[in-house]
Participant: 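Below are the structure tokens for one structure; questions will follow.
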Amino acid sequence: MGTRLESPAEQAAEVIDRLFKEYPDTTISLDFSNRLELLIAVILSAQCTDERVNKETEHLFAKYDGPEDYANADQEELAADLDSITYYNNKAGYIREACAIIAAEHDGEVPDTMSELTDLPGVGRKTANVVLQHGHQLIEGVVVDTHVQRLTRRLGITEERSPERIERELMELVPREHWQEFTHLCISHGRATCTARNPDCGECALEDVCPSSKLDSEMDLASGEAW
DNA sequence: CTCCCGATAT
DNA sequence: ATATCAGGAG
């Protein structure tokens, strides 16, 4: 078990402090050169690696340009352009419909409010928060993706399960000036060390404050085997 | 809750 | 073979 009985807020502060030393330059890893490309890249990134999204958007962004271009695209053709991305049929539809709304109702510009963004098909709170933060420099919430969900639970920062509840709790526990950084640190550490399947606790900078560390159970096992 | 759904690591 | 990847809709 973790060595200290820290409050969730103290635990979060310790995590930020230590991970920032390990990943001082962490930031968004999706490639984009304007707000529409950002929106599309984030929609495509659902349950797919950023690496694969970047590989596909390189071709996609060269072929299509502007909301009307996507809105008028043929569904089958756009889906085929995305055929190595997860859920490519759904995502092709989301992109076409979202771009049609952006063209018709938002003067061709990606909206800058949470409600207007989440009204777009394929855009939930997570995607909207990323677009607000990286497209409009507006920090209205904490981006809670699969990595933030997994790490905050393993580290004992939250007991909640739903991304919406975890976000509300993190908005209470983490100072607003660290909201954006907190997500990037969780993602970097989640990819490099605290992986979903087989976390590398031996290399983890948070091992001594992590209630879920494997090392404790291995020591229990070793002492148990000593009989 | 289920469905969507290819590439990759284990 | 199976779990996982910057989720969201019905």
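In what follows, chains carry the letters A, B, and so on, assigned in the order in which the sequence lines appear, proteins first and then strands, with residues in each chain numbered from 1. Predicted, not measured: the structure shown is a model, and the values here were computed from it.
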Participant: Would you indicate what A:Leu82 reaches in the nucleic acid, counting non-hydrogen atoms under 4.0 angstrom: base, sugar-phosphate, or nothing?
Facilitator: nothing
Participant: Determine whether a donor-acceptor pair (N or O, by modelled atom type, separation under 3.5 Å) exists between the side chain of A:Lys91 and the backbone of A:Leu82.
Facilitator: no
Participant: In the single-linkage hydrophobic clustering (I, L, V, M, F, W, Y; side-chain heavy atoms under 4.5 Å), do A:Ile28 and A:Val144 co-cluster?
Facilitator: no
Participant: How far does the P atom of C:dG8 sit from the matching atom of B:dT8, given to the nearest Å?
Facilitator: 24 Å
Participant: Can you measure A:Lys91 atom NZ to B:dC5 atom P for me and round it to whole angstrom units?
Facilitator: 10 Å
Participant: Would you please determine if the base of B:dC4 is stacked by A:Tyr87, with stacking meaning a centroid separation under 5.5 angstrom and planes under 30 degrees?
Facilitator: yes
Participant: Assign A:Thr195 to base, sugar-phosphate, or nothing according to its heavy-atom contacts below 4.0 angstrom with the strands shown.
Facilitator: nothing
Participant: Going by heavy atoms closer than 4.0 Å, what residues in residues 94-106 of chain A are next to DNA chain C?
Facilitator: A:Tyr94
Participant: For atom C1', what is the distance between B:dC5 and C:dT4, given to the nearest Å?
Facilitator: 12 Å
Participant: Can you check the distance between C:dA1 and B:dC4, where both ends of the measurement are the P atom (answer in whole Å)?
Facilitator: 22 Å
Participant: Reckon A:Asn198 touches a base, only the sugar-phosphate, or nothing at all at heavy-atom distances under 4.0 Å?
Facilitator: nothing
Participant: Would you say the side chains of A:Glu116 and A:Thr113 form a donor-acceptor pair under 3.5 Å?
Facilitator: yes
Participant: Taking A:Val174 as the starting point, is it possible to reach A:Ile187 by hopping between hydrophobic residues whose side chains are less than 4.5 Å apart?
Facilitator: no
Participant: By nearest heavy atom, map A:Thr86 and A:Arg197 onto DNA chain B; which one lands nearer the 5' end?
Facilitator: A:Thr86
Participant: Shared ILVMFWY cluster between A:Met171 and A:Met114, side chains joined below 4.5 angstrom?
Facilitator: no
Participant: Would you say the ring centroid of A:Tyr23 lies under 6.0 angstrom from that of A:His189?
Facilitator: yes
Participant: Measure from the side-chain N and O atoms of A:Ser188 to the backbone N and O of A:Leu185, and report whether any donor-acceptor pair falls under 3.5 Å.
Facilitator: no
Participant: Ignoring hydrogens, what is the shortest heavy-atom contact between A:Pro67 and A:Ile102? Give both atom names and the distance.
Facilitator: CG-CG2, 4.1 Å
Participant: Donor-acceptor check, side chain of A:Asn54 to backbone of A:Asp31, threshold 3.5 angstrom: yes or no?
Facilitator: yes
Participant: If you compare all heavy atoms of A:Phe182 against all heavy atoms of A:Ile157, which two are closest, and at what distance to 0.1 Å?
Facilitator: CZ-CD1, 4.3 Å
Participant: Near DNA chain C, which residues from residues 37-59 of chain A have a heavy atom under 4.0 Å away?
Facilitator: A:Ser45, A:Ala46, A:Gln47, A:Cys48, A:Thr49, A:Asp50
Participant: Are side-chain N/O atoms of A:Asp50 and A:Ser29 paired as donor and acceptor at under 3.5 Å?
Facilitator: yes
Participant: Going 5' to 3' along DNA chain C, between which two nucleotides do contacts with chain A fall, using a heavy-atom cut-off of 4.0 Å?
Facilitator: C:dT2 to C:dA9
